[in-house]
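Chain letters run A, B, ... following the sequence lines, proteins first, then strands; residues in each count from 1. From a predicted model like this one, the values you see are computed outputs, not experimental measurements. In what follows, every heavy atom counts, from backbone to side chain, and hydrogens, waters and symmetry copies are set aside.
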Amino acid sequence: MDLTYTDKQVAFRAEVRDWLAANVPKTPLASFDTAEGFEAHREWERTLAKGNWGMVTWPTEFGGRGCDLIEWLIFEEEYYRAGAPLRVNQNGIFLLGPTLMEYGTPEQKARFIPAMASGDEIWAQGWSEPNAGSDMAAIRCRADRDGDEYVINGQKIWSTRAVFADWVFGLFRTDPDSERHHGISKILVPLNAEGVTVRPIPQLNGLPGFAEIFFDDVRVPVFNRLGGEGEGWRIAMATAGFERGLMLRSPARFQQASKRLVELYRQRGDDIIDPAAEDAVVRCYMDAEAYALSTYQTASKLAAGGSIGPEASCNKIFWSEMDLLIHETAMKLLGPRAEIEPTTAAEIAELGAWLDGFQFAQSGPIYAGTNEIQRNIIAERMLGMPRK
Amino acid sequence: MNFTFDDDQLAYRDAVDSMLQAEVTADRIRARWESATGIDDALVEQVQALGLGSMLVPESLGGLGLGPVDFILLAEACGRVALPESVVDSVMVATPLLVDVLDRGLGNGSVQRVIEGLCAGELSVGVGHPINPCINFADSTDWLLLARGEALYLVPTDQAELRAVKSVDPSRRLFEVNFEPNPEQRIAEGDAGAALWRSTLNRGALATAAVLLGLSDGIVRQCVQYSSDRQQFGRPIGANQAVKHLMADVAVQMEYARPVIHRAAYTVAVAPTRADFAVSHAKVAAARAALLAGRNGIQVHGAMGYTWECDLHIWVKRAWALTREYGGEGFHKNRIHQWLQQPNALLGPEFTFGRGSLLDSTAA
């Protein structure tokens, strides 16, 4: 055990910090769930890509830097420390990207990864359907083979970023006679294709962060299928595994938030303080540290040739509940002014983004597999409790 | 950056773990409750044969020269079987305290002799840290390390006054200890004494945290077994989500206590004077997991969980006792709170490790 950084890692951190200091926009961008904010975030992705900072773990030929997971964690620490914009293409770079690297053909990688890295193609995800939420194997959206094409019919829902995105990846039933997790394939679909209708769904904050997607005889080439026909479920499970758990919500996000919470706590007015808030501030800071330590331990195990088991399901529960506690506590500390949606510069300076974060935190225990499903996975696959 | 244990450390853990799993059964623990000393002498010899007695003693003093990181997995293994004997306290608290005294050029003729006796497994030493009201198994020790203010005394047990008190945990044999300070038995005082007691508290809290994690693991294992065997409505009770989720909640808390404990062990080893935050975090996280394990564990066992007959309470009651040992939740949260309140505390994602972090022993 050696919990010190190498000289190379220290130098890498300094390089990241310098570049971010010179390039991170001085004023926060508008939400990427608005048309204007979406394009501003796309522009930021382009800036990142020009400096080869878009996805540092990717090979250099795809615009990355071939970094290992420890360097990736360092990058994220500096990224959140610098207050850099959220990643509008997170569906692409964190979820689809690693899957393309593992299952894509050389031609598919060449077609999709550079455009993903450059921000020219922003990705939405298409897992859920109206009758397939937690039970994703119940999907019915069809992709029928017709020569060199698939003809897609059906509906997806809760597709994050789909309102303004360029492409969607998702699971489709390529064998019409199949049941459950058989006969499903992973297919990539351009959202400007004929027959695609996107209907925005306003989220809790009123902005269209996700959408319904209707497919009406949408034709895509067989080239757009990732992995073999009928292998979609297995590939999706791989995407849902560790890489996703580690990459989707890196610890630095919560460490930075809990640091800001401590700062808010130090500034509190004495009339606002709730004895429970003191306990919560301590707990939030500890939990964010614990999540970071756990991630470093996991990254070290992987580097030593180990693998990740079902214990990865613990992290989804842990970070989503921590995120709720961080923001609930901030609301407590802001007191009666917590309900104000900041619009003026003075209000933004005073109230920050806590209210928006608080609303977003409500979704954490639901998306990426509800925490109830995660608890089932932990009980059955990690602890060995009976399935029935 | 390598946050893993090496093959030697894991092999040592496996050897200790399998010996304890085979030897420390619930029946044998219950037998200790009826015995005169509460100690299984044969087991103590087996532990000694595995080298635990001398592992944290420097090679120059005849020990194995290992450190807290090497021992932390073993402490967890002791908790997993709810080992009654004070092995963890002896290895991780009493022995390093005596070694610290020597390192500071303090002590009297007895200190080195006692360390050699500990290495050889010929004697045992109890520690009376002022934060704990009692000393466990004090009646079976040969020497006691006792406090009077900041001063530290090494006192033959037969010269101290012991009064037995009863613990909720029948495996624990607690004694309130009183003594007449004798200057010849004083081995440290003033700032040195305060520093020794402070690092002793951290080592004690760290060791206790690891034991609590092991206890949680032991409880979860019993619950998984019981809920798989016990049938109601024609199927195992563990098939119900409500039961599964009780255990999953414990697993999540354990998963995020474990690396915290490992970081605390590393910090105590490399930057002991800056270890308060890491140790307090470990103690709070481990206690939280263990208390939840106890409560949910009893619930999963139903009425059986509320009986003396069911072995579960061997683990649960130890957890109740140890959450308070070497500082309860309030003490440790307050230490963290004070750190977070310091204007010069370096907080944020870039300070988990590295320059300026609490692991950086060169930092101010």
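Listed by first then second residue, pairs satisfying side chain to side chain donor-acceptor pair (under 3.5 Å) with a partner in residues 228-239 of chain B read Gln225(B)-Asp229(B), Arg235(B)-Asn240(B), not counting sequence neighbours.
For Phe254(A), no part sits under 4.5 Å from any heavy atom of chain B, backbone or side chain. Contacts of Arg260(A) with chain B are absent, with no heavy-atom separation under 4.5 Å from either backbone or side chain. Contacts between Tyr296(A) and chain B at a heavy-atom distance below 4.5 Å involve backbone atoms as well as side-chain atoms. The parts of Val243(B) that come within reach of chain A are both its backbone and its side chain, each placing non-hydrogen atoms under 4.5 angstrom from that chain. Both the backbone and the side chain of Leu383(A) come within contact range of chain B, with heavy atoms under 4.5 Å apart. Both the backbone and the side chain of Asn2(B) have a heavy atom closer than 4.5 Å to some heavy atom of chain A. The part of Ile317(A) that comes within reach of chain B is its side chain, from C-beta onward, which places non-hydrogen atoms under 4.5 angstrom from that chain. Proximity to chain B is absent for every atom of Asn371(A), based on heavy atoms less than 4.5 angstrom apart. Heavy atoms of Gln256(A) lying under 4.5 Å from chain B belong to its backbone as well as its side chain. When heavy atoms are compared at a cutoff of 4.5 Å, Val262(A) approaches chain B solely by way of its side chain, counted from C-beta outward. The contact between Leu347(B) and chain A is made by backbone and side chain atoms together, counting heavy-atom distances below 4.5 Å. In this structure, the portion of Val220(B) lying under 4.5 Å from any heavy atom of chain A is its side chain and not its backbone. Heavy atoms of Val69(B) lying under 4.5 Å from chain A belong exclusively to its side chain. If you measure heavy-atom distances from Arg221(B) to chain A, you find no contacts under 4.5 Å at all.
Inspection of the Glu372(A) and His245(B) side chains reveals no N or O donor paired with an N or O acceptor under 3.5 Å. Looking at Glu255(B) and Ser294(A), their side chains never bring a donor and an acceptor atom within 3.5 Å of each other. Residues Tyr285(A) and His337(B) bring no donor and acceptor atom of their side chains to less than 3.5 Å of each other.
Looking only at side-chain heavy atoms (C-beta outward), Leu293(A) and Tyr256(B) stay at 4.5 Å or farther from each other.
In this structure Glu278(A) satisfies the salt bridge (Lys or Arg N to Asp or Glu O under 4.0 Å) test with no other residue, sequence neighbours excluded. Residues satisfying the side chain to side chain contact (heavy atoms under 4.5 Å, CB included) criterion with Thr323(B), sequence neighbours excluded, are Leu212(B), Ala287(B), Leu291(B).
For Arg375(A) (side chain) and Ala242(B) (main-chain N/O), no donor-acceptor pair under 3.5 Å exists by modelled atom type.
The contact list for residues 7-15 of chain A toward chain B, using heavy atoms and a distance under 4.5 Å, reads Gln9(A), Val10(A), Arg13(A) by residue number.
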### Task
Would you sort out whether Phe3(B) and Asp2(A) count as a side-chain contact (heavy atoms from CB on, under 4.5 Å), showing the intermediate values?
CA-CA 6 Å; Phe3(B) 201 174; Asp2(A) 174 11; over 6 Å; no
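The two residues Pro386(A) and Pro236(B) come nearest to each other via the heavy atoms CG-CB, 3.8 Å.
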